[in-house]
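All values derive from a computational prediction rather than experimental measurement.
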2 protein chains.
Amino acid sequence: MDKQAMAVRIVTGGWQAQVSALDSILGKLSDEQLDREISSSRNRGIYLLGHLTAVNDLMLPLLRFGEAIYPELQPIFVDAADKTVTELPPARQLREQWKTVNGKLQDHIKVLTADEWFLRHANISAEDFVREPHRNRLNVLLGRANHLSYHRGQFILLTNKS
Amino acid sequence: MDKQAMAVRIVTGGWQAQVSALDSILGKLSDEQLDREISSSRNRGIYLLGHLTAVNDLMLPLLRFGEAIYPELQPIFVDAADKTVTELPPARQLREQWKTVNGKLQDHIKVLTADEWFLRHANISAEDFVREPHRNRLNVLLGRANHLSYHRGQFILLTNKS
């Protein structure tokens with residue numbers, strides 16, 4: 001394996017590790033615990049689950065893998081803050097959508113060649129990409145893995161909460 | 001820039017972005033706010049600051065850059081949980097050590113060649129590294145960037161707390 005392929009393996013492996021770590025926490029949290037705030041007057045777990053599902057879903061078009069599967073989540077969980085939308089989808093539905101989105105992403109991630117990770121993502125024009133070639137798919141995946149980790153540090157606060 | 005060097009730039013850039021983002025939050029938190037728990041009965045901000053400083057400091061030997069600067073932080077902030085050590089170092093000292101450690105790391109990061117990132121880290125033997133070549137310095141940096149992001153998601157909960 002050459003060093004380019006090794007670097008891609010490290011970044012994609014890091015992504016998978018973040019998804020698995022969050023899966024593990026979600027598996028331990030009841031729907032009732034997801035309804036709790038992560039800290040006083042802060043986001044609820046259920047909002048964060050919807051938020052991460054929506055953001056990961058939007059990675060499908062951003063990485064030019066295809067259309068978002070659940071675009072209806074964006075207005076609720078990305079554009080709007082928690083507790084501003086009257087009724088959120090039920091936890092059971094969001095848990096399923098979370099799994100579906102990550103499965104679909106993984107289907108694409110595992111077949112992408114090492115070179116294809118260095119192609120531009122969808123939010124930069126071909127002209128700008130010539131000057132900023134680091135704004136590629138690999139960079140998006142690394143940033144979104146950090147995003148998962150950031151919110152995992154918040155989800156963990158719901159464990160052991162009755 | 002070839003793709004190997006591009007990948008290294010993406011991962012090191014991601015690390016720097018995490019350090020900067022946490023610096024920004026720390027700059028907004030008073031020492032009094034750092035004394036608060038991030039959530040009821042959870043770690044205090046000051047403990048997390050010491051924890052991240054100690055973990056980043058230990059990256060110096062782990063990345064084979066040199067000795068840890070403040071090894072005395074490890075028993076307090078890595079081996080021991082929060083509120084089990086009677087007296088923590090003052091916030092002012094930890095803030096300075098945080099800056100010093102990250103500055104020292106950055107001095108090494110900026111001069112490392114793209115190839116040197118793919119050499120083994122200090123916690124794997126040369127023999128094992130032959131079979132597991134992804135356990136290299138680049139992988140350590142990516143993992144530690146995720147670690148910063150995880151705890152940044154907790155530090156942010158201290159903002160707006162009186």
### Portion of A:Asn136 that has a non-hydrogen atom of chain B nearer than 4.5 angstrom
side chain
### Query
Are any side-chain N or O atoms of B:Tyr47 and backbone N or O atoms of B:Phe77, one a donor and one an acceptor, separated by less than 3.5 Å?
yes
### Message
Out of B:Ala17, B:Pro133, B:Gly143, return the one with the most heavy atom pairs under 4.5 angstrom to chain A.
### Response
B:Pro133
### Query
Checking A:Arg120 side chain against A:Val130 main chain: does a donor-acceptor pair fall under 3.5 Å?
no
### Message
Quick one, A:Asp23 with A:Trp98, criterion side-chain hydrogen bond (donor to acceptor under 3.5 Å, both in side chains). Give me CA distance, side-chain angles, the key distance, then yes/no.
### Response
CA-CA 9 Å; A:Asp23 272 342; A:Trp98 161 254; 2.7 Å; yes
### No-hydrogen, no-angle side-chain donor-acceptor test under 3.5 Å, A:Asp115 and A:Gln4
yes
### Message
Please classify the contact of B:Val11 with chain A as side chain, backbone, both or neither, using a heavy-atom distance under 4.5 Å.
### Response
both
### Message
Is B:His134 close to chain A through its backbone or its side chain, or both, or neither, when contacts mean heavy atoms under 4.5 Å?
### Response
both
#### Entry: Contact origin within A:Leu148 toward chain B - heavy atom pairs under 4.5 Å
neither
### Query
Atom CE of A:Met1 and atom CE of A:Met6: how far apart are they, to the nearest 0.5 Å?
5.5 Å
### Query
Side chain, backbone, both or neither: which part of B:Arg152 has a non-hydrogen atom closer than 4.5 Å to chain A?
both
